[in-house]
Amino acid sequence: MNKNTINKNNFIRKIIKNDLNKKKYSKIKTRFAPEPNGYLHLGHVKSLYINYNIAKDFNGTCNVRFDDSNPSKIKKKYIKSIKKDIKWLGFKINNIYYTSNYFLKIYNYAIELIKKKLAYVDELNSKEIKKYRGTLKTIGKDSPYRNRSINDNLKLFKEMKEGKFKEGQMCLRAKINMLSPIILMRDPILYRIKYKEHIKTANEWCIYPMYDFSHCISDALEKITHSICTLEFIDNKNLYNWILKNITIENRPKQYEFSRLNIEYNIMSKRYINKLIKKKIITKWNDPRILTITGLRKRGYTPDSIIDFCSRIGVTKQNNIIEMSLLENCIRNDLNKNSPRTMAIINPIKIILENIPNKYEEQLIINNHPINKNMGKRKIYFNKEIYIDKYDFKDKNNNKYNHPVVGNKIRLKNAYNIIIKFIIKNKKGEIKKIICTCKHKKNQDYKYIKIIHWVSVLHSIPAKFYLYEKLFNKINPLKKNKLTNNVNKKSLIIKNGFVEESLKTAKIGNKYQFEREGYYCLDKIENKSNNLIFNLITNLNNRYKRI
Ligand code: ATP
Ligand code: MG
């Protein structure tokens with residue numbers, strides 16, 4: 001399906017169009033509400049993309065609201081990084097809010113519920129609350145504290161706020177229905193005590209609202225029209241509507257759910273990413289194997305490719321797993337157009353051109369891009385000794401990929417034809433060098449079996465190549481087995497090779513197509529050795545793999 005059709009006709013947009021036609025709202029208002037307890041990942045971007053573009057296309061606005069209601073989990077550095085990633089992706093957000101902006105208002109709404117006999121201070125501890133709540137198969141039981149008087153509740157809640165009790169000693173609960181088939185509606189907790197300094201409000205509060213309580217109120221206060229979230233919040237919608245129905249508030253947003261983004265052979269939840277870091281399966285939040293924005297950036301993904309991906313995945317209510325190749329195709333499309341070509345040898349093997357004099361040197365001027373002439377030209381050198389890739393040569397005739405063998409003629413890309421004469425092996429039988437003859441004339445009629453890439457030994461610089469593979473062996477690594485049992489032990493292979501000298505001036509973050517290899521991004525330059533370290537972004541196509 002055409003990507004625009006997918007996106008312009010999704011079910012949420014249909015609802016919005018309908019609402020606008022019926023003049024239910026004069027202006028659409030959406031929001032993206034990340035909890036700053038980790039870095040932004042591709043799933044979040046799906047959510048932001050949906051909210052942002054709905055607002056844009058229907059002439060509305062989209063807020064970003066940091067859900068900072070739980071001081072134990074949130075950190076300033078996460079807020080900073082989320083802001084940075086949103087900007088890097090190209091979203092232009094004017095309104096940034098924090099749930100903590102509304103703490104006083106939310107507190108007053110809790111008091112309103114108490115006064116309406118719709119909330120009470122409970123003294124059961126968390127274990128008891130759980131036990132009293134029942135299960136899907138058994139009904140819940142009322143807390144012995146459920147029927148306190150309004151005045152007692154008001155007094156205790158005030159004392160909770162004043163810090164008169166210990167953490168866990170009391171909490172405020174909504175008085176809904178302990179017999180409800182929806183467990184979430186069995187008197188959910190609205191406020192709990194936490195003696196933890198908050199990144200915004202410091203020690204002003206020692207009671208904090210639960211997500212379900214603060215979220216709907218924040219939406220309503222911001223006059224959000226369509227509160228779009230993922231499917232796991234479907235039960236929470238009952239509570240969302242219950243709270244807004246029972247407080248005095250002008251605006252009552254409607255919640256709509258879509259399916260989460262899942263990508264095969266990977267995970268996205270912050271909780272699991274944290275686990276992988278703790279178990280040292282990945283390095284940090286910016287490990288290029290993980291689908292955080294900082295990881296994708298380090299890997300070499302561009303904002304355009306990520307946005308293109310979001311525009312292609314569609315918005316539905318069906319849970320599904322997206323193929324990794326869709327994301328890879330998006331970066332290929334971008335880099336095919338926008339990255340310069342260059343040659344790099346990942347598994348070097350030396351070729352000696354026997355008929356070229358020792359000191360011979362020729363400069364060849366070649367295009368940086370086959371189509372886009374604006375990318376200019378560069379100089380490469382041709383000498384007696386060159387590196388080619390081990391995988392472009394076989395010392396046996398019966399290789400199924402038709403690799404060149406002794407006696408074959410090969411064309412060196414951007415240069416000359418050579419004939420493989422003989423090979424020199426070490427005692428272990430490994431190939432050390434290949435001796436070739438160079439047909440040092442460009443001859444159109446000359447028949448060669450393959451064009452291969454190469455670099456001059458004299459004019460190359462050492463480089464390390466970080467070759468990434470999928471992080472897990474299972475399409476859905478969270479299914480059945482323990483996550484850590486499904487880890488692909490070969491998700492990173494490091495190779496030492498060479499790149500053209502022209503990359504000496506390359507800057508961190510530069511992306512290249514290494515001809516016949518794939519797309520690579522310069523990740524860092526090692527201090528001591530000046531070694532360039534490149535990350536494999538993706539191979540040249542889905543089938544092709546050289547390792
Ligand atoms: P995580 O599981 O990674 O902790 P979360 O849902 O707890 O995710 P929040 O910071 O609360 O993360 O999410 C902000 C918004 O991003 C929410 O609306 C949430 O539904 C959405 N979101 C999170 N993960 C995905 C995903 N995989 N696909 C689509 N939307 C997502
Ligand atoms: Mg969360």
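For ligands, and for the atoms within them, numbers begin at 1 and follow the listed sequence. Everything numeric in this text was worked out from a predicted model, so none of it was measured. Computed from heavy atoms alone, side chains included, the values below leave out hydrogens, waters and symmetry copies.
By the 3.5 Å distance cut-off applied to N or O atoms, Ser269 is counted among the residues near ligand 1. Ligand 1 has an N or O atom lying under 3.5 Å from an N or O atom of Leu261, backbone or side chain. Note: an N/O pair closer than 3.5 Å links His41 and ligand 1 by distance alone. Residue Glu232 has no nitrogen or oxygen atom sitting less than 3.5 Å from a nitrogen or oxygen atom of ligand 1, judged on distance alone. Of the polar atoms of Ser259, none of the N or O atoms is found under 3.5 Å from an N or O of ligand 1, judged by distance alone.
With salt bridges taken as basic N to acidic carboxylate O contacts below 4.0 Å, one links Glu123 and Arg148. In summary, Glu167 and Lys194 do not engage in a salt bridge, as defined by a charged side-chain N under 4.0 Å from a carboxylate O. Between Asp57 and Arg13, at least one side-chain nitrogen of the basic residue sits less than 4.0 Å from a carboxylate oxygen of the acidic one, meeting the salt-bridge criterion. Salt bridge annotation for Arg146-Asp187: present, with a cationic side-chain nitrogen under 4.0 angstrom from a carboxylate oxygen. In summary, Glu526 and Lys464 engage in a salt bridge, as defined by a charged side-chain N under 4.0 Å from a carboxylate O. The pair Arg260-Glu232 meets the salt-bridge criterion, since a charged nitrogen lies less than 4.0 angstrom from a carboxylate oxygen.
Remark: side-chain polar atoms of Gln169 are paired, donor with acceptor, to backbone N or O of Lys166 under 3.5 angstrom. Side-chain atoms of Ser339 never come within 3.5 Å of backbone atoms of Tyr512 as a donor-acceptor pair (strictly under, hydrogens ignored).
Residue contact check: His44 has heavy atoms under 4.0 Å from atoms 8 (O), 9 (P), 10 (O), 12 (O), 13 (O), 14 (C), 16 (O), 22 (N), 23 (C) of ligand 1. Residue contact check: Thr230 has heavy atoms under 4.0 Å from atoms 19 (C), 20 (O), 29 (C), 30 (N), 31 (C) of ligand 1. Each of the atoms 16 (O), 18 (O), 21 (C), 30 (N) of ligand 1 lies under 4.0 Å from some heavy atom of Ser47. Listed by number with element, the atoms of ligand 1 under 4.0 Å from a non-hydrogen atom of Phe258 are 29 (C), 30 (N). Atoms of ligand 1 found under 4.0 Å from any heavy atom of Ala33, numbered from 1 in the order shown, are 14 (C).
Using a 4.0 Å heavy-atom cutoff, Tyr272 is absent from the residues neighbouring ligand 1.
Residue contacts with ligand 1, taken as heavy atom pairs separated by less than 4.0 Å, involve Met268 solely via the backbone atoms N, CA, C and O. Here Arg271 has no heavy atoms under 4.0 Å from ligand 1, in either its backbone or its side chain.
Among Cys229, Ser227, Gly43, Cys310, the residue whose heavy atom lies closest to atom 26 (C) of ligand 1 is Gly43.
Aromatic rings from Phe233 and Tyr211 are positioned such that their centres are separated by under 6.0 Å.
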